[in-house]
Student: 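Mind looking over this structure? Questions follow.
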Amino acid sequence: MITRHYDPDSLMETMSPYENELEGFHPREWLEDEENVCLTDGNGNFTLFQRFSPEVVMGHYFLEARGREALKLCEAFLEEIFTGPYDVSIIQGITPHTKLGALWMNKKLGFKSSGTVNTIAGPCELVVLSKLDWERRCRDNGKD
């Protein structure tokens, strides 16, 4: 079951391998901002949706699960963020070119590439998924 999450300690347990990449991220303050949404399955898998504008969020996933299990979890996270009480119409993401698993996940989840952006972390793929495209994809895959 996917639920909203507010505990920074359990979030950081999963995020700790990426701590050197999280400059400027303060989980307690981030979670206290009601505009931001952290979702979990309760088993060390998290997605973070940081409010960018009224209906747009920047998405990040931090998962213990891998491969097809991770894909199924992320599909459930997308269903919750798009159908839950969060008022999200568009998810954007920036994925480093070195994160091959995350790039694979983006494609499998239906995110569309908007090209490469150069960041402090190096070249990253900018991806976007709209609620409309997600709904269309669910309908086409028989998940009404």
Student: Grab the two heavy atoms, one from Cys38 and one from Leu48, that are nearest each other, plus how far apart they are.
Tutor: SG-CD2, 3.5 Å
Student: Calculate, to the nearest 0.5 Å, the distance between atoms CD1 and OG1 belonging to Ile94 and Thr116 respectively.
Tutor: 11.0 Å
Student: Would you compute the distance between atom CD1 of Ile2 and atom OG1 of Thr47 and round it to the nearest 0.5 angstrom?
Tutor: 7.5 Å
Student: Do the side chain of Asn36 and the main chain of Trp30 share a donor and acceptor less than 3.5 angstrom apart?
Tutor: yes
Student: Are Leu71 and Ile91 linked, directly or through other ILVMFWY residues, by side chains that come within less than 4.5 angstrom of each other?
Tutor: yes
Student: Give the minimum heavy-atom separation between Cys74 and Leu109, together with the two atoms involved.
Tutor: CB-CD1, 3.6 Å
Student: To check you understand the geometry: which heavy-atom pair defines the closest contact between Thr95 and Ala102, and what is its length?
Tutor: CG2-CB, 3.6 Å
Student: If you measure from CD on Glu13 to CZ on Phe62, what distance do you get to the nearest 0.5 Å?
Tutor: 14.5 Å
Student: Exactly one of Arg136, Arg137, Lys131 should register a side chain to side chain donor-acceptor pair (under 3.5 Å) with Asp133. Which one does?
Tutor: Arg136
Student: State, to 0.1 Å, how close Tyr86 and Arg51 come at their nearest heavy-atom pair, and which atoms those are.
Tutor: O-NH2, 2.7 Å
Student: What's the shortest heavy-atom distance between Cys124 and Pro96, and which atoms?
Tutor: SG-CA, 3.6 Å
Student: Using the rule that Ile, Leu, Val, Met, Phe, Trp and Tyr join whenever any side-chain heavy atoms are under 4.5 Å apart, tell me whether Tyr6 and Phe77 fall into a single cluster.
Tutor: no
Student: For a side-chain contact (heavy atoms from CB on, under 4.5 Å) check, start with the C-alpha distance between Asn106 and Glu125, then their side-chain angles and the critical distance, and finish with the verdict.
Tutor: CA-CA 10 Å; Asn106 293 342; Glu125 191 76 17; 5.7 Å; no
Student: Would you say the side chain of Gln92 lies within less than 4.5 Å of the side chain of Ser114, judging by non-hydrogen atoms?
Tutor: no
Student: Please round to the nearest 0.5 Å and tell me the distance separating atom CZ of Phe82 and atom CG of Leu129.
Tutor: 4.5 Å
Student: I'd like to know if the side chain of Asn45 and the backbone of Glu64 have a donor-acceptor N/O pair within less than 3.5 Å.
Tutor: yes
Student: Between Asp41 (side chain) and Phe46 (backbone), is there a donor-acceptor pair under 3.5 Å?
Tutor: no
Student: Same hydrophobic cluster for Trp104 and Leu63, using side-chain heavy-atom links shorter than 4.5 Å among ILVMFWY?
Tutor: yes
Student: Minimum heavy-atom separation for Glu80 and Pro85, please, with both atom names.
Tutor: OE2-CD, 4.3 Å
Student: Would you say Met105 and Ile90 are hydrophobically clustered, going by side-chain heavy atoms of ILVMFWY under 4.5 Å?
Tutor: no
Student: Does one hydrophobic cluster hold both Val56 and Val128, with members joined at side-chain heavy-atom distances below 4.5 Å?
Tutor: yes
Student: Tell me whether the count of non-hydrogen atoms from other residues, nucleotides or ligands lying under 6.0 Å of CZ in Arg28 goes above 12.
Tutor: no
Student: Pick out which of Ile81, Thr83, Val88 makes a side chain to side chain contact (heavy atoms under 4.5 Å, CB included) with Trp134.
Tutor: Thr83
Student: To the nearest 0.5 Å, what is the distance between OG on Ser113 and NZ on Lys107?
Tutor: 8.5 Å
